[in-house]
Amino acid sequence: MAQDREGPPAKRFKAAPPGTQPQSAAPPAHVQRRSLPISGARGPLLARLRRLDTAILIGETGSGKTTQLPQYLYEAGIGHPGVIAVTQPRRVAAVTLAARVAEEKRTELGKLVGYTVRFDDCSCAETRLRFLTDGMLLREAIGDPLLHKYSVAILDEAHERTIHTDVLFGVVKAAQKKRKERGLRPLKVIVMSATMDVDMFSQYFNGAPVIYLEGRQHPIDIFYTKERQSDYLQAALVSIFQIHQEAPACQDILVFLTGQEEIEAMTKTCRDVAQHLPEGCPRMTVLPLYASLPHSQQLRAFKPTPEGGRKVILSTNIAETSITIAGIKFVVDTGMVKAKKYSPETGLEVLAVQQVSKAQAWQRTGRAGRQESGICYRLYTEEDFEKFEEMTTPEIQRCNLASVVLQLLALKIPNVLTFDFMSKPSPDAIQAAIDQLDLLGAVTQKEGQLVLTPLGKKMAAFPLDPKFSKAILLSPQFHCAEEILTIVSLLSVDSVLHNPPAQRDEVQAARKKFISSEGDHLTLLNVYRAYKNVNGHKGWCRENFINGRNMKLMAEVRAQLRDICVKLSMPLESCRGDTAGVRRCLAHSLFMNAAELRPDGSYGTVGSQQLVAIHPSSVLFQCKPACVVYTGLLRTSRCYMRDLCPVDAEWLLEAAPEYFRRRLRSAKS
DNA sequence: GAGCACTGC
């Protein structure tokens, strides 16, 4: 048995998972408003908030805080005549919340109530309640650090600690202070969160009071295993079938696993086992769920359970916050997650399976009690659970900070090393980011202070990693702006190349015609040109194993980047066949990611002489160019360079003479 | 000769 069901008494608790997910929780509209838990507290809540500059609002799932509070504030005239901003970590949430609130106010979406997300602005001068993504408000702040148009900033889902929310904390705190000092209209800041991190939020915002809101979450029973499980997959399998044979039909199971491959394998195993069950067992429908799964297949997880059957959903952490499935009675938590780590010394990103935090485990557990009471099986011992980290490390402590530092400098933060972060990244990580920006020519010292150069200011206008912004800004010098725009856009979305392992030979045959001996970037450029030639025809995409969805997204990104170029009055030319210009431009912007062939046939990075290899997915896999630049490193079984472009060592010397003089092997000889 | 969790501007 994977877990102990008769042993020590189950812990019964009232789960308070974060994250109201409006897109599928969707209670009926305005008729429901008055019966939400928050409505009983309206009067006292408004009285308190009216007096406060800053408040931390803790609300359980189902409290109605996200939809109701902005309306209450507006109806009470708090913040009038400014705009009330409500930020969300995800686009869908911003859009669906705005739609719902507009419906409750019985107004047209985009007028009084609106939303603003990337590629989609549904708001106007009349808009008073504005839902936006946290990243969008941050971008606005670059143009207007004091956020003049807003009178209230509500930062929702703050416990998720996205990199954007974390930077916004500092931005709104500073804006509030400065507006006060200058006698401007005050900025009210309301931080909304689930139960974790309460003290930290309050402390950060100068001891701001914490207001608790009742929620409406059903009780969930939690079971731990008696003994530590050596194989969480085996334990999960046993648990699934144990539940399946004991629980009534129509009670669905959600299982948290770590990744696509694991989920696909487990899906197959479960389906096989399910075929050999004794008679009288409910029919089992096993459904995988992960982000890269085609949308149509994701939707299957939402279909109601067939009469007399049972749905078993095998999911990544996408089901923790982004996707909510109704009717889950059982959650099986393996306690594992695949997550990214970053080490500033090597610039290496590592994607590794690791233990979840306590907060994450509670989040998973909460997915069981959304419509009625639920049960959660934790495939680890209670003792081990106690040893889990309290919180997941905030994203800002796990990332390359080059973009963040560039944004902070664009916000005219006087000293990025002492910026008021709620959770400070390591000084090494900040310094590494400054060094990168320095090499790109984005920053300079002025009167002992780090400031942006004119180039740096332009770079900050692009929603991109600084090295890509630099590529775009340099491209006119090489007469290839159109091509670089395409390449950078392709690199900033998920891969447009679809690689189903089962059809490997067909994929290779179809891809042949796009391959350029000048590397992966130019191969991608060929794909885009061919795609444009057939006007993005769907059948063509299918035949050529091109991901049409990502291609469309890429086109949107490209249009946005092109707009920014036009606003910066950049001359946009195409080099047509002269692809050397494109490679030179890439050499001048990716020079920090350069590697040289060594006499023994291996590759070493020019920066730190680290041993690296060409990723087998690269078109240059079988080739041995003397000198390459790459988009990034990926650490798996070895350290791989991804997206390669062969370059001349002289180009690198041209790009950053000081940096390369001592480093480049070919320059020494 | 490999394989990538999830967001967002």
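FYI, side chains are in, hydrogens and waters are out, and symmetry mates aren't considered; it's all heavy atoms of this structure.
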R118(A) CZ to dG8(B) P, straight-line distance once rounded to whole Å: 11 Å
Sugar-phosphate, base or nothing in reach of L634(A), heavy atoms under 4.0 Å: base
Q354(A) CD to dC6(B) C1', straight-line distance once rounded to whole Å: 13 Å
Between P of dC6(B) and CD of E320(A), the distance in whole Å: 11 Å
Whole-Å distance separating the CD atom of E261(A) from the P atom of dA2(B): 12 Å
Distance-only side-chain donor-acceptor flag, S403(A) / D465(A), under 3.5 Å: no
Rounded interatomic separation in angstrom, taking CD from Q298(A) and C1' from dT7(B): 14 Å
R635(A) charged N/C atom sitting above Y640(A) aromatic ring, 6.0 Å / 45°: no
Sugar-phosphate only, base, or nothing, as touched by T316(A) at under 4.0 Å among non-hydrogen atoms: sugar-phosphate
Touch class at under 4.0 angstrom, heavy-atom based, for Q260(A) against every strand present: sugar-phosphate
Phosphate contact (dC9(B) OP1 or OP2) by S492(A) side-chain N/O below 4.0 Å: no
Whole angstrom value for the distance that separates C1' of dC9(B) from CG of L408(A): 15 Å
Touch class at under 4.0 angstrom, heavy-atom based, for F462(A) against every strand present: nothing
dC9(B) OP1/OP2 closer than 4.0 Å to side-chain N/O of R91(A): yes
dC6(B) OP1/OP2 closer than 4.0 Å to side-chain N/O of S322(A): no
Test item: side-chain donor near acceptor, E140(A) and Y150(A), under 3.5 Å: yes
Side-chain donor-acceptor contact under 3.5 Å, Q397(A) with T393(A): no
Minimum-distance nucleotide to T133(A) side chain [options: dG8(B), dT7(B), dA2(B)]: dG8(B)
Ring centroid separation W362(A) to F388(A) under 6.0 Å: no
Expected output: side-chain Q298(A) to main-chain Y290(A) donor-acceptor under 3.5 Å: yes
Closest listed nucleotide, where the reference is the side chain of R90(A) and the choices are dG3(B), dT7(B), dC9(B): dT7(B)
Selected nucleotide, minimal atom distance to P463(A) side chain, candidates dT7(B), dA2(B), dC9(B): dC9(B)
Among dC6(B), dC9(B), dG1(B), the one nearest M136(A) by side-chain distance: dC9(B)
Proximal nucleotide (of dC6(B), dC9(B), dG1(B)) relative to the H164(A) side chain: dC9(B)
Residue met sooner reading DNA chain B from 5', once L464(A) and L351(A) are mapped to nucleotides: L351(A)
Nucleotide of dA2(B), dC6(B), dG3(B) approaching N317(A) most closely (side-chain heavy atoms): dC6(B)
Nucleotide dT7(B), atom C1' - distance to CZ of R398(A) in whole Å: 11 Å
Interatomic distance where CG belongs to L289(A) and P belongs to dC6(B) [whole Å]: 9 Å
